[in-house]
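Taking it in order: structure first as structure tokens, then the write-up.
Within every chain, numbering begins at 1; the chains are lettered A, B, ... in the order of the sequence lines, protein sequences first and strands thereafter. Everything quoted here is computed from the prediction, not taken from an experiment.
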There are 2 protein chains.
Amino acid sequence: MASVKQMNRKEIDERVKTFTDLCRTQGLKVTHQRLEIYQALLETIGHPAAEDVYHLIRHKLPTVSIDTVYRTLALFEEHGLISRVQCLSDKGRFDSNVEPHHHFICVECKAIYDFYWPEFDRLLPPDSIGALGEVRVERAELRGVCKHCLKARTSSVQ
Amino acid sequence: MASVKQMNRKEIDERVKTFTDLCRTQGLKVTHQRLEIYQALLETIGHPAAEDVYHLIRHKLPTVSIDTVYRTLALFEEHGLISRVQCLSDKGRFDSNVEPHHHFICVECKAIYDFYWPEFDRLLPPDSIGALGEVRVERAELRGVCKHCLKARTSSVQ
DNA sequence: TTGGTTGCAAATATTTTGCAACCGG
DNA sequence: CCGGTTGCAAAATATTTGCAACCAA
């Protein structure tokens, strides 16, 4: 995975400062490990996996452990300091529908519903994509709460 | 995860027949396990995980093993008989960008690039979504080959 | 018959957790 | 000092693989 710088030193220092302030505000201790992990994310495009971050910071923190990286990334995400890309939970999910379609994902029960969206299909990718690469597949992913879970909600506590 | 029927018996039988023919055409043996696994996918909306399929078919095939389910689903996918939803590989991936944005994913190096797409953001979900649930987040996911990998290609074999 | 397929068990990969030592505020 | 944080090791979860027995064609 590409590991190119996405911002200059000044911008990075600025965001690290903001990050430090946010940690203090939220009662999170600002440790060496956390600073390095956050900086590794700032300095890398391509969305590194936990393992990637682990290797990136071992230059500066040779004794850091992989579970600290996992715990720290999860903590940052809970506090809205970073974002995580992951379909759902962790498992692969399968579908008998092999036609092009889009997905509506229920954030509560994790069900994935197929739907069609001709207006989206007619849309052209933005010009900015040209700088990134060649597009082959375009898909929309909507997230929300499915009918089933909405009903379960009103019929219980409220 | 919801496990509601998505088509009637007649439609299912029809698709199982097509599936059987496709298997024969492609030199795949039509075993009980494969038929049950395929039918389980047809009969379930919400995109079941391998484990879900395993439990669904154990009623009819009590001795089936989970690794057969994994192997069979992978085989079906390779042959274009079903589709798999999975971000990439398997790992969680992280990003310091917490603003709303979209993703361009390189199918070769698996890098995820952020981009912005105001035209998409202005689009309203299709009416058909109303029958599924309430939408909270809308995201586009484009897949293709990134500049870096395109360059690597031309500079090697060709 | 026979090569593709299955079931079992063990291995791998990813992520999580219990716990004592540690250190930031 | 003290409670949140870390590192270690072991556990938990998801998925893959080697291999002998099996069965669809």
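- The side chain of Gln33(A) contributes no N or O atom lying less than 4.0 Å from OP1 or OP2 of dC23(C).
- Ion pair Arg9(A)/Glu43(A) flagged as a salt bridge, since at least one NZ, NE, NH1 or NH2 atom sits closer than 4.0 Å to an Asp/Glu carboxylate oxygen.
- For Lys29(A), the listed nucleotide lying nearest its side chain is dC23(C); candidates were dC23(C), dC23(D), dT15(C).
- Atom CD1 in Ile57(A) sits roughly 12 Å away from atom C1' in dT6(D) (whole-Å rounding).
- Taking 4.0 angstrom as the limit, Thr63(B) places a side-chain polar atom (N or O) nearer than this to OP1 or OP2 of dG7(C).
- In this structure, the nucleotide among dG18(D), dT6(D), dT5(C) sitting nearest to the side chain of Asp67(B) is dG18(D).
- For the OP1/OP2 pair of dA14(D) and a distance below 4.0 Å, the side-chain nitrogens and oxygens of Lys91(A) include at least one atom meeting the criterion.
- A 4.5 Å side-chain heavy-atom check between Ile82(A) and Tyr38(A) finds at least one atom pair inside the cut-off.
- Nearest to the side chain of Arg71(A), among dC8(D), dT6(C), dG25(C), sits dC8(D).
- Atom P of nucleotide dT16(C) and atom CD of Glu78(A) are separated by 10 Å, given to the nearest angstrom.
- In this structure, Leu73(B) atom CG and dT6(C) atom C1' are separated by 15 Å, rounded to whole Å.
- Annotation for Glu134(A): atom CD does not count as buried by contact number, only 12 or fewer foreign heavy atoms lying within 6.0 Å.
- The phosphate of dC23(D) has neither OP1 nor OP2 within less than 4.0 Å of any side-chain N or O from Thr31(B).
- Residue-environment remark: NE2 (His32(A)) stays at or below the threshold of 12 foreign heavy atoms within 6.0 Å.
- If you measure from atom CD1 of Ile66(A) to atom P of dA9(D), you get 15 Å, rounded to the nearest angstrom.
- Between the P atom of dG4(C) and the CD atom of Gln26(B) lies a distance of 15 Å, rounded to the nearest Å.
- Neither side chain, His47(B) nor Asp52(B), offers a donor N or O lying under 3.5 Å from an acceptor on the other.
- With rounding to whole Å, Tyr54(B) atom OH is found 14 Å from dT6(C) atom P.
- Considering only side-chain atoms of Thr68(B), the nucleotide from dT5(D), dT6(C), dG7(D) that sits closest is dT6(C).
- Rounded to whole angstrom, the span from the CD atom of Glu36(A) across to the C1' atom of dG24(C) amounts to 16 Å.
- For Tyr70(B) and dT16(D), the shortest distance from a side-chain N or O to OP1 or OP2 is not below 4.0 Å.
- If you take CG of Leu28(B) and P of dT6(C), they are 10 Å apart, rounded to a whole angstrom.
- The phosphate of dC8(C) (OP1 or OP2) has no side-chain N or O of Ser65(B) nearer than 4.0 angstrom.
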